[in-house]
Amino acid sequence: MSSTVKTDTDTDTGAASGTAGAAAARTGGPLRAVRTAGGLSVRLDVRTLLVTVLLAVVALAASVLLIGTGDFPMSPGDVLATLTGSGTTAQEFIVNDLRLPRVLVGLLVGAAFGVAGAVFQAVSRNPLGSPDVLGFSQGSTVGALLIIVFFQGGAAAIAAGSVVGGVVTGLVIFLLAWKGGIHGYRFVLVGIGAAAMLYAIVLYLMTKANIVEASQATTWMVGTLSGRDWSQVWPLALVCAVLIPLALVYGRPLRMLEMGDDAAYALGVPVQRVRMVLLVAAVVLVAASTAAAGPIAFLALTAPQLARRLTRAPGPNLLPAALMGAALLVSADWISQQLFGADQLPVGVLTGVLGGCYLLWLLASERKAGRI
């Protein structure tokens, strides 16, 4: 059975359509309402769709290049042939056992940090709201360092410590920020204070470590994709498969929250429930990603901002932010290997440098606009 689909420009005169029309005017591309014969109507932003597809293509292309990079270089054609089962035995071992897990961890970690950063920035209504600034990454770091310094745990124990540290930090920040609900500015201030205290704990733990433990801890704290295997892929994939779709489902009410609690209440959004569900999902995504690859600096801060600037669309842009995070992390890992050789420069160093430059630019632009 076939159905017809017709596309027309959205010309509703309500408040929501007025907002959409203003957004379309800013982007230079109209919103479209796609309606099927069955009555289903979907509002479509053409520019956002194109940016989303482009980011997906960039992430996949960077992944193919990264898989082909290393001591045994492979062309993109050989990589694709091997992934489809047409490679040699040696190529299949190199791709499937050694390099593919690293790339998948990079894609998943980037997507998770992108979504988490977009949620934090939307909830706090602050472009500087990110796990790096609000203490969640530091909490995961403290949990991992406790395992390294006092229990000499292996990779699985360190990952578990990181997750527990991130979740406990999130719980403490939620309790301290709660006053009839969680509100943006209080949440940001409590998070910044928690980040400062947790960083002091990190420094203290480093002074208690011996040389071997300090070296292991430093490597983990920088953030790296080196040595990732399937044991890191599957738990992270499960977390992302559950929580990223959950966040996307709450994308529309999250967009309403950016207009303020009163406006969201008036539109029928259960503000505190939506905020709590999304914050819990974001905290777990950050904790699981940090456990898999370490606290990759500034990724959660820059990915949502860059995605929003490309789409020029209002709202958190969760899916573009996820794809931007994945593309940024995999591309940064490929660039670090091209410039410095395989595993000579942890990817967290490169994202830290680039993200720091972006943060300085963001602060300067916010100051110029009179917002800080």
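This chain uses plain numbering: 1 for the first residue, then up along the sequence. Computed over heavy atoms, backbone and side chain alike; hydrogens, waters and symmetry mates excluded.
With contacts defined as side-chain heavy-atom distances shorter than 4.5 Å, the pair F298/L354 does not qualify. No side-chain heavy atom of M74 sits less than 4.5 Å from a side-chain heavy atom of I67. At least one side-chain heavy atom of I244 sits under 4.5 Å from a side-chain heavy atom of L285. Considering only heavy atoms from C-beta on, R99 stays 4.5 Å or farther from F93 through its side chain. Residues L246 and V242 have side chains not in contact (no heavy-atom distance under 4.5 Å, counting atoms from C-beta outward). Between P245 and V249, every side-chain heavy-atom pair lies at or beyond the 4.5 Å cut-off. In this structure, the side chains of L66 and S63 stay at 4.5 Å or more apart for every pair of heavy atoms. Between L65 and Q338 there is no side-chain heavy-atom pair separated by less than 4.5 Å.
S86 is linked by a side-chain hydrogen bond (donor to acceptor under 3.5 Å, both in side chains) to nothing, counting only residues two or more places apart in sequence or in another chain. Contacts of Q232 classified as side-chain hydrogen bond (donor to acceptor under 3.5 Å, both in side chains), with partners at least two apart in sequence or in another chain: none.
Nearest heavy atom pair, residue L299 against residue G110, reads CD2-CA, 3.7 Å. Scanning both residues, V283 and G170, for their nearest heavy atoms gives CG1-CA, 4.3 Å. Counting all heavy atoms, side chain and backbone alike, V330 lies closest to G106 at CG2-C, 4.0 Å. Looking at every heavy atom in both residues, L254 comes nearest to V274 through N-CG1, 4.5 Å. For L318 against G251, the heavy-atom pair with the smallest separation is CD1-CA, 4.0 Å. Minimum heavy-atom separation, G166 to S140: CA-OG, 3.3 Å.
When the side chains of ILVMFWY residues are joined at heavy-atom separations under 4.5 Å, either directly or via intervening members, L98 and V95 end up in a single hydrophobic cluster. Both M324 and I335 belong to a common hydrophobic cluster when Ile, Leu, Val, Met, Phe, Trp and Tyr are linked at side-chain heavy-atom distances under 4.5 angstrom. Both Y204 and I201 are members of a single hydrophobic cluster when ILVMFWY side chains are connected at heavy-atom separations under 4.5 Å. W334 and F72 fall within a single hydrophobic cluster, where Ile, Leu, Val, Met, Phe, Trp and Tyr side chains are chained together by heavy-atom contacts under 4.5 Å. Criterion: ILVMFWY side-chain heavy atoms under 4.5 Å apart, direct or through other members. Under it, V58 and V64 are not part of a common hydrophobic cluster.
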Stepwise side-chain contact (heavy atoms from CB on, under 4.5 Å) check, F113 with L329: CA-CA 10 Å; F113 272 123; L329 186 54; 5.8 Å; no
Intermediate values then yes/no, side-chain contact (heavy atoms from CB on, under 4.5 Å), L319 and L248: CA-CA 7 Å; L319 183 57; L248 294 177; 4.2 Å; yes
Verdict with supporting geometry, V167 and L171, side-chain contact (heavy atoms from CB on, under 4.5 Å): CA-CA 6 Å; V167 172; L171 178 61; 5.6 Å; no
Residues L104, W230; criterion side-chain contact (heavy atoms from CB on, under 4.5 Å); working and verdict: CA-CA 9 Å; L104 291 177; W230 291 104; 3.6 Å; yes
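We find the OG-CG distance between S331 and L350 to be 10.5 Å, quoted to the nearest 0.5 Å. Here CG of L301 is found 6.5 Å from CG of D132. Values are rounded to the nearest 0.5 Å. To the nearest 0.5 Å, atom CG of residue L108 and atom CH2 of residue W234 are 10.0 Å apart. Here L189 contributes atom CG and L176 contributes atom CG; the two are 12.0 Å apart, rounded to the nearest 0.5 Å. T141 contributes atom OG1, which lies 9.0 Å from atom CG of L198 (distance to the nearest 0.5 angstrom). Rounding to the nearest 0.5 angstrom, the gap separating the CG atom in L306 from the OG1 atom in T311 is 11.0 Å.
Salt bridge D333/R102: present, at least one basic N to carboxylate O contact under 4.0 Å.
Every pair passing side chain to side chain donor-acceptor pair (under 3.5 Å) that includes a residue from residues 282-307 is listed here, sequence neighbours excluded: Q121-Q305.
In summary, of the residues considered (T82, L83, L100), a side chain to side chain contact (heavy atoms under 4.5 Å, CB included) with E92 occurs for T82 alone.
Ring orientation note: the planes of F174 and F136 are tilted relative to one another, at an angle of 30° to 60°.
At least one donor-acceptor pair under 3.5 Å links the side chain of R228 to the backbone N or O of A292. Listed for the Q138 side chain is no donor-acceptor partner under 3.5 Å among the backbone atoms of A194. Under a 3.5 Å cut-off, the side chain of R255 and the backbone N or O of Y250 do not form any donor-acceptor pair. Under the 3.5 Å distance criterion, the side-chain polar atoms of T351 are matched with a main-chain donor or acceptor of A297. With hydrogens and angles disregarded, no donor-acceptor distance shorter than 3.5 Å links the side chain of S162 to the backbone of I158.
The 12-atom threshold is not exceeded at CD1 of I211, counting heavy atoms of other residues, nucleotides or ligands nearer than 6.0 Å.
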